[in-house]
Amino acid sequence: MRARMAERRLSSDFYRRDAVTVARDLLGRVLARRLPDGRLLRAPIVEVEAYDGTRDRASHAFPGRTLRNAPMFAAGGIAYVYLIYGMHHCLNLVTGEADHPAAVLVRAAAWPEDPKAASGPGKLARAFAIDRALNGASLLGPDLWLEEGTPVPARAVARTRRIGVDYAGSWAARRLRFYVKGHPSVSGPRDLR
DNA sequence: GGTGCGATTGCA
DNA sequence: GCAATCGCACCA
């Protein structure tokens with residue numbers, strides 16, 4: 001008998017598509033992290049949000065390129081990690097071509113044996129021990145990567161406006177958040193449109 | 001050099 | 001409903 005085939009990693013081609021396409025396609029994919037002490041952490045993604053281009057008022061790229069948001073301007077396939085409210089880290093996966101700032105915020109994953117451990121972007125970063133040391137890190141490297149997992153069928157995907165961006169005017173109403181319907185690890189309100 | 005605030009979370 | 005807590009963008 002043979003061992004279960006190792007999960008294939010998502011390649012750079014996966015990330016070099018527009019942020020909304022990547023966001024939708026990320027549901028069911030497995031986020032994987034190798035800790036410095038050797039431990040392996042893995043959990044399927046169940047909630048994401050797309051941030052695409054400098055016209056998106058909710059995006060960190062809206063003011064144009066700065067020191068902070070520079071990773072968003074790179075070609076897809078690296079992480080963009082920032083500190084929010086002075087205490088929580090958020091993991092983003094940079095997408096698209098170089099010089100087009102775009103990324104997908106990973107908001108929740110189905111943590112094994114504790115559905116709430118990675119429910120919300122700050123909690124997810126904490127669960128995976130992700131901080132700014134991983135800002136700009138390759139998603140094809142030894143520390144952080146994604147595996148094919150099991151894509152989620154269209155009937156199981158919900159699409160709503162994004163969380164926590166009410167300041168973004170008309171962009172706040174855009175339905176750029178995707179999550180797995182009814183999944184216990186999804187964060188935030190369930191009654192959004 | 002000073003000021004304002006946030007792609008959140010947890011507790012009162 | 002609101003405090004916690006700090007890097008960084010922006011202005012002087």
Report yes or no: do [X] and [Y] form a side-chain donor-acceptor pair below 3.5 Å?
X	Y	value
A:Asp18	A:His100	no
A:Thr160	A:Arg175	no
A:Ser185	A:Glu47	no

Quickly work out the [X] [atom1] to [N] [atom2] distance and round it to whole Å.
X	N	atom1	atom2	answer
A:Arg175	B:dA7	CZ	P	22 Å
A:Tyr82	C:dT5	OH	C1'	16 Å
A:Asn69	C:dC10	CG	C1'	14 Å
A:Asn92	B:dG6	CG	P	17 Å
A:Leu105	B:dG6	CG	P	16 Å
A:Phe62	B:dC5	CZ	P	17 Å
A:Ile84	B:dT8	CD1	C1'	7 Å
A:Ile130	B:dT8	CD1	C1'	16 Å

Are any protein N/O atoms closer than 3.5 Å to N/O atoms in nucleotides 9-12 of chain B? If there are, list each pair with its distance.
{"from": "B:dT9", "atom 1": "OP1", "to": "A:Gly120", "atom 2": "O", "distance (Å)": "3.4"}
{"from": "B:dT9", "atom 1": "OP1", "to": "A:Pro121", "atom 2": "N", "distance (Å)": "3.1"}
{"from": "B:dT9", "atom 1": "OP1", "to": "A:Gly122", "atom 2": "N", "distance (Å)": "2.8"}
{"from": "B:dT9", "atom 1": "OP1", "to": "A:Lys123", "atom 2": "N", "distance (Å)": "3.2"}
{"from": "B:dT9", "atom 1": "O4'", "to": "A:His88", "atom 2": "NE2", "distance (Å)": "3.3"}

**Prompt:** Pick one: which of A:Arg8, A:Arg33, A:Arg42 meets salt bridge (Lys or Arg N to Asp or Glu O under 4.0 Å) with A:Glu147?
**Reply:** A:Arg42
**Request:** Answer with base, sugar-phosphate or nothing: what part of the nucleic acid does A:Arg162 contact at a heavy-atom distance below 4.0 Å?
**Result:**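 Since no nucleic acid heavy atom lies under 4.0 Å of A:Arg162, the category is nothing.
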**Complete:** Its dot-bracket string being built from Watson-Crick and G-U pairs below 3.5 Å, with | for another strand and [ ] for crossing, DNA chain C has the pattern ||||.||||||.
**Message:** Looking at C:dC8, I'd like to know if its phosphate oxygens (OP1 or OP2) sit under 4.0 Å from a side-chain N or O belonging to A:Arg132.
**Reply:** yes
**Message:** With a 4.0 Å cut-off on N to O distance, would you call A:Arg174 and A:Asp56 a salt bridge?
**Reply:**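 No, this pair does not count.
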**Ring-ring centroid check A:His60 A:Tyr82, cutoff 6.0 Å** =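 Yes; A:Tyr82 has its ring centre under 6.0 Å from that of A:His60.
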**Request:** Answer with yes or no after comparing the ring centroid distance for A:Phe128 and A:Trp111 against a 6.0 Å cut-off, counting only values under it.
**Result:**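 Yes, the ring centres sit under 6.0 Å apart.
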**Message:** So, taking the atom named OG in A:Ser59 and the one named CG in A:Leu105, what distance separates them when rounded to the nearest 0.5 Å?
**Reply:** 11.0 Å
**Message:** Stacking between A:Tyr85 and C:dA4, defined as ring centres under 5.5 angstrom apart with planes under 30°, is that present or not?
**Reply:**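 It does not: the two rings, one from A:Tyr85 and one from C:dA4, miss the stacking criterion.
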**Item:** Euclidean distance for C1', C:dG7 against B:dG10 (whole angstrom)
**Value:**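 Those two atoms are separated by 22 Å.
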**Message:** Whether A:Arg9 engages the ring of A:Phe14 as a cation-pi pair (distance to the six-membered ring centre under 6.0 angstrom, angle to the ring normal within 45°) should be assessed.
**Reply:** no
**Request:** Among C:dC6, B:dA7, C:dA9, find the nucleotide with the atom closest to the side chain of A:Leu83.
**Result:**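 Output: C:dC6.
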